[in-house]
Each structure stands twice: as structure tokens, then as C-alpha cells.
Visitor: 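Got a structure here, written out as C-alpha cells. Questions coming.
To find a chain, count down the sequence lines: A is the first, B the second, and so on, and within it residues start at 1.
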2 protein chains.
Amino acid sequence: MTLRQLRYLLAIVDNGLNITAASEKLYTSQPGVSKQIRLLEEELDLRLFERKGRSLASVTPAGEEVVARARTVLQEIDNIRTLALNTRHEADGTLAIGTTHTQARYVLPEVIARFREHYPNVALELHQGTSEQLADMVEAHQIDFAIATGGQDLFADLVMLPCYRWDRTILVPREHELARLDGPLTIDALARHPLVTYVFSFSGESSLKKAFAAEGLTPDVVFTARDADVIKTYVRMGMGVGIVASMAHDCGDDLVAIDAEGLFPRSTTWIGFRRDTVLRRYMSHFMELFAPHLTDALVQRCLAAADQSGVDAIFRDVDLPLRGGCGQAPADAD
Amino acid sequence: MTLRQLRYLLAIVDNGLNITAASEKLYTSQPGVSKQIRLLEEELDLRLFERKGRSLASVTPAGEEVVARARTVLQEIDNIRTLALNTRHEADGTLAIGTTHTQARYVLPEVIARFREHYPNVALELHQGTSEQLADMVEAHQIDFAIATGGQDLFADLVMLPCYRWDRTILVPREHELARLDGPLTIDALARHPLVTYVFSFSGESSLKKAFAAEGLTPDVVFTARDADVIKTYVRMGMGVGIVASMAHDCGDDLVAIDAEGLFPRSTTWIGFRRDTVLRRYMSHFMELFAPHLTDALVQRCLAAADQSGVDAIFRDVDLPLRGGCGQAPADAD
DNA sequence: CGCGTTTACGTCGTTCGTAACGATA
DNA sequence: TATCGTTACGAACGACGTAAACGCG
């Protein structure tokens with residue numbers, strides 16, 4: 001049994017049981033791949049694939065188990081390589097971050113600018129997607145980090161570290177009646193206007209609806225979008241009152257922002273990564289730049305935890321920063 | 001990086017950093033081992049060993065991390081091999097059991113006899129030792145199972161499955177005054193006699209002493225041994241009253257047995273094995289022969305648990321059998 | 001001078017890529 | 001006939017073992 005054989009095995013499985021496609025991804029010849037698989041099957045004396053004629057039809061049940069073990073083997077081999085790079089303080093590589101629009105547009109720019117000062121030779125990839133897509137991307141090793149809000153249940157196999165909390169902000173055009181409001185904004189007042197807000201891909205939306213329902217109200221959501229910039233555009237058009245994450249409020253906006261703190265439950269943004277992965281040094285550092293309380297030592301403690309409940313326990317008495325709009329740096333919540 | 005390199009690395013570490021010794025264990029030449037290590041260090045661009053002149057002085061901190069990862073890699077490779085053997089229903093191999101004298105002498109013979117009927121081609125190795133020694137032996141892969149009572153804390157990295165519970169039995173010579181006892185035996189009565197019992201290597205002894213202390217008594221232990229047969233010999237000599245595990249009472253004995261149920265806290269015997277190991281089919285079967293409630297499905301559930309607390313939860317509502325003496329099969333506790 | 005490691009070198013097995021062949025849709 | 005996998009074969013590479021040199025106690 002060789003690492004090469006296991007690598008070939010996974011490549012075949014990950015390329016739809018097509019040996020030719022696998023061999024191309026592996027930058028090697030197709031007969032070589034075939035032969036190594038045959039050798040592996042002979043050594044184990046075990047059929048890994050069901051064959052239909054000459055081509056591979058499916059992975060046998062036993063094969064699935066071998067595949068699973070092979071994945072952890074190759075992951076550990078990768079980890080050894082990463083360990084070596086870390087101790088050498090190697091400062092180049094790639095950082096692939098997957099996140100949502102709000103983070104990418106309003107929160108990350110400043111973090112990434114500081115990151116680049118430290119690591120000019122690390123190539124950055126920014127991927128966007130919904131929580132579900134991010135979960136898949138981490139699983140498929142396409143991204144190193146997922147940064148998202150809510151939907152912790154989607155990321156069952158990841159370490160999820162809370163980064164900061166945030167409230168929602170109400171956006172209205174300057175001439176809107178809510179812009180001239182004297183007292184604090186109430187949820188009843190909001191319910192009397194058409195609303196423009198996010199299509200939440202997870203439990204977020206219902207938490208907003210729940211806040212209305214708790215008062216016996218039904219919000220009049222006339223328009224939803226995934227993207228705060230799109231929402232703002234429609235608010236400017238007078239289509240309704242915008243409800244966006246506070247981070248998405250830019251002081252340069254021509255819209256009037258009304259703090260909605262207290263009206264809706266506070267949200268928490270998480271950063272997540274595969275538990276079984278050794279992080280490159282610059283990855284840990286990125287996390288600390290993004291959320292200063294995530295020191296290297298703390299991250300190590302979280303990785304040592306057996307599962308997410310252990311991680312949650314560590315953060316039980318950590319005060320998370322609260323993040324507002326206008327490019328404001330995180331401030332203390334209390 | 002090759003599996004061979006990792007295997008050589010571990011062999012060197014496990015042979016006191018002596019490359020020559022390692023190469024002999026590996027049935028290969030010493031220069032070959034040296035070269036592979038050098039290649040590994042070059043590929044990772046990382047010093048794995050501190051050198052003192054030509055020979056290896058110690059493992060570098062980074063090297064320790066690599067060693068740890070390499071161990072899990074080779075463990076998984078082994079697991080793949082085991083998986084293959086299991087699906088082929090291969091019925092030969094080795095079963096190495098580590099246990100204490102009482103199990104080996106009074107409980108296991110019958111289990112092993114039945115096991116041999118099923119698996120005549122599995123070589124059996126029976127190792128004996130204290131709980132501490134057994135823990136080390138499992139860790140060093142010298143035994144597959146440890147069967148022991150108490151001392152769960154010693155086996156931190158193992159899956160520990162409870163097998164049965166047992167009480168203690170009091171043994172006295174036929175002519176002893178306690179042999180003519182009418183009513184139930186009390187702890188006061190015991191305290192009035194010199195006692196002969198086990199040297200418990202773990203918390204067991206104190207639990208016995210505690211039972212006396214709870215009544216404000218101090219037991220007069222005149223002789224201790226690790227071995228029920230030795231204890232019986234000294235009881236026959238009239239040296240004192242014997243307190244042994246119920247399993248150790250043989251109906252053929254010329255001693256009178258008095259049930260001590262209720263006098264002392266009940267003990268539980270466990271079977272433990274490394275969590276990260278795939279069990280050969282005959283190993284699971286052995287467990288079921290030893291403790292019939294440990295079905296394959298249950299063992300699988302326990303392996304899926306993240307840690308021992310998860311395993312304990314599974315057994316919270318499992319009724320363990322109670323085991324008495326005279327080669328008696330386990331009977332229900334209630 | 002013995003012990004253990006490294007260097008040097010010839011042999012052998014393995015992997016690789018190319019090319020030809022076979023089966024399937 | 002196009003696609004995909006297997007078989008065949010020569011070239012290159014890499015691991016192994018032996019032998020000899022080197023350092024250290």
C-alpha cells in the first residue's frame with residue numbers, strides 16, 4: 001500500500017469514477033492510475049469498485065470504508081507538510097475565504113488590507129455563497145475558512161469560532177417620515193411600513209419574523225435580496241424601509257440610519273474551518289486580525305476540544321465585540 | 001513523502017533513536033533507513049532530529065509533531081488492512097488479551113474455550129499485569145484488549161465497555177467460627193477477625209477500607225496478595241479470613257464461602273481497547289462471548305462516541321449482569 | 001578500537017509514458 | 001465511431017544491500 005495508491009483512489013472517487021478524468025487531475029497517465037488501483041485491490045484482496053463491463057459502476061461498501069480512511073491518511077500527510085511550512089515561517093501560500101456579501105463588502109476589506117501588509121506573498125481568494133454553499137466548499141477543501149452568520153448546524157464537522165455580534169440597522173430615505181422620528185423606533189412603527197430586507201438562507205429570516213410575531217404583528221416584506229447594496233438601491237427608490245446588518249451602513253450613504261438595537265435578536269458572525277486541519281500560521285493570524293479575541297492560544301484550545309460543544313464551552317465567558325456600521329472597529333458590547 | 005519514510009521515522013523513535021536497532025526491527029539495511037530519513041527531512045525542509053556528532057540526540061519539537069501525525073497515518077493504514085481482512089471474513093490472526101489474575105484464572109477459561117471453537121486458527125496471547133501495566137501495554141500495541149476492574153482513569157485514551165459486576169466472597173476454613181454463622185454476616189463480625197485479601201493496584205483497596213471506615217471500624221488486614229489462589233492457601237493455613245472476588249470461589253474448594261453481597265460496594269469489570277483502532281471481527285466476537293450484552297451493534301455505537309463520557313451515556317440504562325462464583329454464568333443482577 | 005552513522009556503488013524492482021488493443025454505447 | 005479501460009513494453013527512477021570511510025567515546 002502506498003500513498004500514491006490512496007491518492008489515486010480518492011481522485012477516481014472524486015471524479016465520478018472516471019479514471020481518465022482522475023489521471024488528468026493527477027497529471028499522470030491513465031494506465032498508471034488503473035494499474036495502481038489494481039495493485040491496491042490485489043494487496044488488500046478486496047474489490048474496491050463494482051465494475052460494469054470495463055468501467056467502474058460504483059464503490060463497494062468496503063471500498064467506501066477504505067476511501068474514508070484514505071481521506072484521513074492524506075489529510076494527515078497534508079498536515080505534516082503544513083507543520084513543516086509553519087515551523088519554517090514560510091510566508092507564502094494561498095488563503096481561500098468563503099463568506100457572504102455583507103462580510104466581503106463591508107467588513108473584510110479593512111481586515112484584508114492589514115493582512116496584506118503582513119503577508120504580501122499570500123494569494124487571497126474570496127469566494128461568496130450562502131451558508132449551505134459555504135459548508136459544501138469547506139467540506140470539498142475549496143476554501144480554508146467560512147465566515148457566516150447563523151446556520152451553525154450546517155457546519156457540523158467544523159470548528160466554529162464566534163467573532164462578533166451585530167444588530168440590524170433601519171435605512172430610510174432622507175424625506176421618509178421615520179427619518180424625522182423623535183423617540184426610539186418601535187416594532188409597531190416598522191410594521192406600518194413596507195419593508196425591504198435580506199433573503200436569509202438560514203434561520204435568520206424567521207428570527208426577524210419572530211420578532212414581529214412576538215408583538216402580534218405581521219411584517220409587510222415587499223422585497224428581499226441577498227445583497228445590502230441592492231436593498232439600499234430599492235430603499236432609495238422609495239420602495240420601502242430597509243432592514244440591513246449594521247455593518248452594511250456606510251456613513252457616506254445618502255440614507256438615514258436608525259439604530260434598531262433591541263428590536264431584533266442580536267446575531268453572531270462565526271468563522272469556521274475543518275477540525276482535522278492544521279492551520280498555516282498566516283491563517284491563524286488572519287483570524288486574529290478579523291476577531292482580535294481569537295488569539296493563537298485560544299484557537300489551539302478550541303482545536304483541542306473534542307467537538308463543537310467543547311468549543312462553545314470555551315466561549316461561554318468570552319465577551320464578544322459588538323460591531324456597528326460606518327466601518328467602525330469592533331467596540332465592547334457592554 | 002512515503003509511508004516507508006514515516007514507518008522508518010517511528011521505528012527510530014521507538015528504538016531509542018538508534019538507527020541500527022530500528023533497521024533490524026524493520027528487516028532492512030541501516031544505510032537505507034538513514035537515507036530515507038534524510039530524504040524526508042529534505043522534502044519537508046525540516047530537521048526532525050537534533051544531532052550530536054553523527055548520532056541522533058533527540059527529536060526536535062517540530063519532529064514530535066510529525067511523529068504524532070505519522071502515528072495516526074500508519075494506524076489508519078493498519079485499519080485499512082484490517083477492514084479488508086474483516087470483509088473477507090478472514091478467520092486467522094492473533095488476539096492478545098491483557099488482564100488480571102482473577103479474570104485469567106476464573107473467568108476467561110470458559111470464554112476462551114468457546115472462542116477457540118469458533119476461531120481455531122486465531123492465536124491467543126494472554127498477558128497479565130496490573131491496571132497500570134495493562135494501560136501501557138494497550139498503548140504500546142502489545143495487547144488488543146485490556147480486561148480489568150476499576151482504574152478507568154488510567155485508560156484515558158481507550159474505549160472502556162462495562163462487562164459485568166461482581167461482589168466479594170468471604171472464604172474461611174471449614175472449622176472456622178464464621179463457617180457456623182446463622183444469620184447474615186456483618187461487617188462488625190468481619191472486623192473482629194484477621195483478614196487476607198488482595199493488594200489492589202488501584203482504587204479497589206480503599207473502597208474495601210472505606211466500607212469498614214463507614215462503620216467506624218478498622219480492618220485487621222494481616223496479609224495481602226495479588227492472587228486469589230495465594231490468598232486461599234493462606235486462608236487454609238488459618239492465617240485469617242479471606243476476602244476475594246466472587247468469581248474466584250471454586251465449588252471444588254475445601255473452603256466455606258460466605259456471600260458478602262451488600263457488605264462492600266459492587267465492582268465493575270471493563271474491557272478496553274484503543275479508540276482509533278478497527279477491530280478484527282473475531283475481536284468483536286470475543287467481546288460478545290465474554291459479555292453477551294456487548295453486541296456488535298452496541299460496540300459500533302460506542303466507537304462512534306466522541307469520548308468516554310459518550311460511551312458511559314450509552315451504558316447508563318444497560319443492565320449489567322452480576323457474576324458469582326463456581327464458574328457460574330452471569331445472571332441478572334435483579 | 002568498537003560502535004554507529006554516512007558515503008559510494010552496483011543491482012534489482014517499480015513506476016512512468018507511449019502505443020496498441022478491447023469493450024461498450 | 002467515440003469513449004474509456006486494459007495490456008504491453010522500453011526507459012528512467014528509486015530503494016535496497018554490500019562495502020568502505022568517517023567520528024566519537
Visitor: Considering residues at least two apart in sequence or located in another chain, which fulfil the side-chain hydrogen bond (donor to acceptor under 3.5 Å, both in side chains) criterion with B:Asp92?
Guide: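 Per chain and number, B:Asp92 pairs via side-chain hydrogen bond (donor to acceptor under 3.5 Å, both in side chains) with no residue.
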Visitor: For A:Arg281, give me all partners under salt bridge (Lys or Arg N to Asp or Glu O under 4.0 Å), at least two apart in sequence or on another chain.
Guide: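 Applying salt bridge (Lys or Arg N to Asp or Glu O under 4.0 Å) to A:Arg281 gives none.
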Visitor: Rounded to whole angstroms, how far apart are CZ on A:Phe49 and P on D:dT6?
Guide: 10 Å
Visitor: What residues form a salt bridge (Lys or Arg N to Asp or Glu O under 4.0 Å) with A:Arg105, not counting sequence neighbours?
Guide: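 With neighbours one apart ignored, the set is A:Asp229.
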Visitor: Test: side-chain hydrogen bond (donor to acceptor under 3.5 Å, both in side chains). Region: residues 60-70 of chain A. Which pairs qualify, not counting sequence neighbours?
Guide: A:Arg69-B:Glu76
Visitor: By the 4.0 Å heavy-atom rule, please label B:Ser29 as base, sugar-phosphate, or nothing.
Guide: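 Base contact - B:Ser29 has a heavy atom under 4.0 Å of at least one base atom.
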Visitor: If the condition is side-chain contact (heavy atoms from CB on, under 4.5 Å), which residues does B:Ser29 pass it with, not counting sequence neighbours?
Guide: B:Pro31
Visitor: Which whole-number value in Å describes the distance from B:Glu42 CD to C:dT6 C1'?
Guide: 13 Å
Visitor: In whole angstrom, what separates A:Glu24's CD from D:dC4's C1'?
Guide: 11 Å
Visitor: Keeping to residues at least two apart or across chains, list the salt bridge (charged side-chain N to carboxylate O under 4.0 Å, His left out) pairs with something in residues 3-26 of chain B.
Guide: B:Asp14-B:Arg71
Visitor: Assign A:Leu39 to base, sugar-phosphate, or nothing according to its heavy-atom contacts below 4.0 angstrom with the strands shown.
Guide: sugar-phosphate
Visitor: Round to a whole Å and report the spacing from CZ of A:Arg38 to P of D:dT7.
Guide: 6 Å
Visitor: Residues two or more places apart in sequence or in another chain: which of them pass side-chain hydrogen bond (donor to acceptor under 3.5 Å, both in side chains) with B:Arg116?
Guide: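 Partners of B:Arg116 under the side-chain hydrogen bond (donor to acceptor under 3.5 Å, both in side chains) test: none.
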Visitor: Find the bend of the helix from C:dC1-D:dG25 to C:dA25-D:dT1 as the angle between its two terminal axes (five pairs each), to the nearest 10°.
Guide: 30°
Visitor: Contacts to DNA chain C from residues 2-22 of chain A, heavy-atom cutoff under 4.0 Å, which residues?
Guide: A:Arg4, A:Tyr8
Visitor: Distance check needed: D:dG10 P versus A:Lys35 NZ, whole Å only.
Guide: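 About 14 Å, once rounded to whole Å.
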Visitor: What's the CG-P distance between A:Leu56 and D:dT3, to the nearest Å?
Guide: 18 Å
Visitor: Tell me which nucleotide among D:dC16, C:dT6, C:dT15 gets nearest to the side chain of B:Gln36.
Guide: D:dC16
Visitor: Can you build the contact string for nucleotides 19-25 of chain C? Use B for base contact, S for sugar-phosphate-only contact, and - for no protein heavy atom under 4.0 Å.
Guide: B--BSS-
Visitor: Measure CD1/B:Ile37 against P/C:dT6 and give the value in whole Å, please.
Guide: 10 Å
Visitor: Does A:Asp45 have any side-chain hydrogen bond (donor to acceptor under 3.5 Å, both in side chains) partners at least two apart in sequence or in another chain, and if so, which?
Guide: B:Arg88
Visitor: Could you check whether any side-chain N or O of B:Arg280 sits under 3.5 Å from a backbone N or O of B:Glu90, counting only pairs where one atom can act as donor and the other as acceptor?
Guide: yes
Visitor: I'd like to know if the side chain of B:Asn15 and the backbone of B:Asn18 have a donor-acceptor N/O pair within less than 3.5 Å.
Guide: no
Visitor: Tell me every residue that passes side-chain hydrogen bond (donor to acceptor under 3.5 Å, both in side chains) with B:Asp307, counting only those two or more places apart in sequence or in another chain.
Guide: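 If we apply the side-chain hydrogen bond (donor to acceptor under 3.5 Å, both in side chains) test to B:Asp307, skipping adjacent residues, the hits are B:Ser309.
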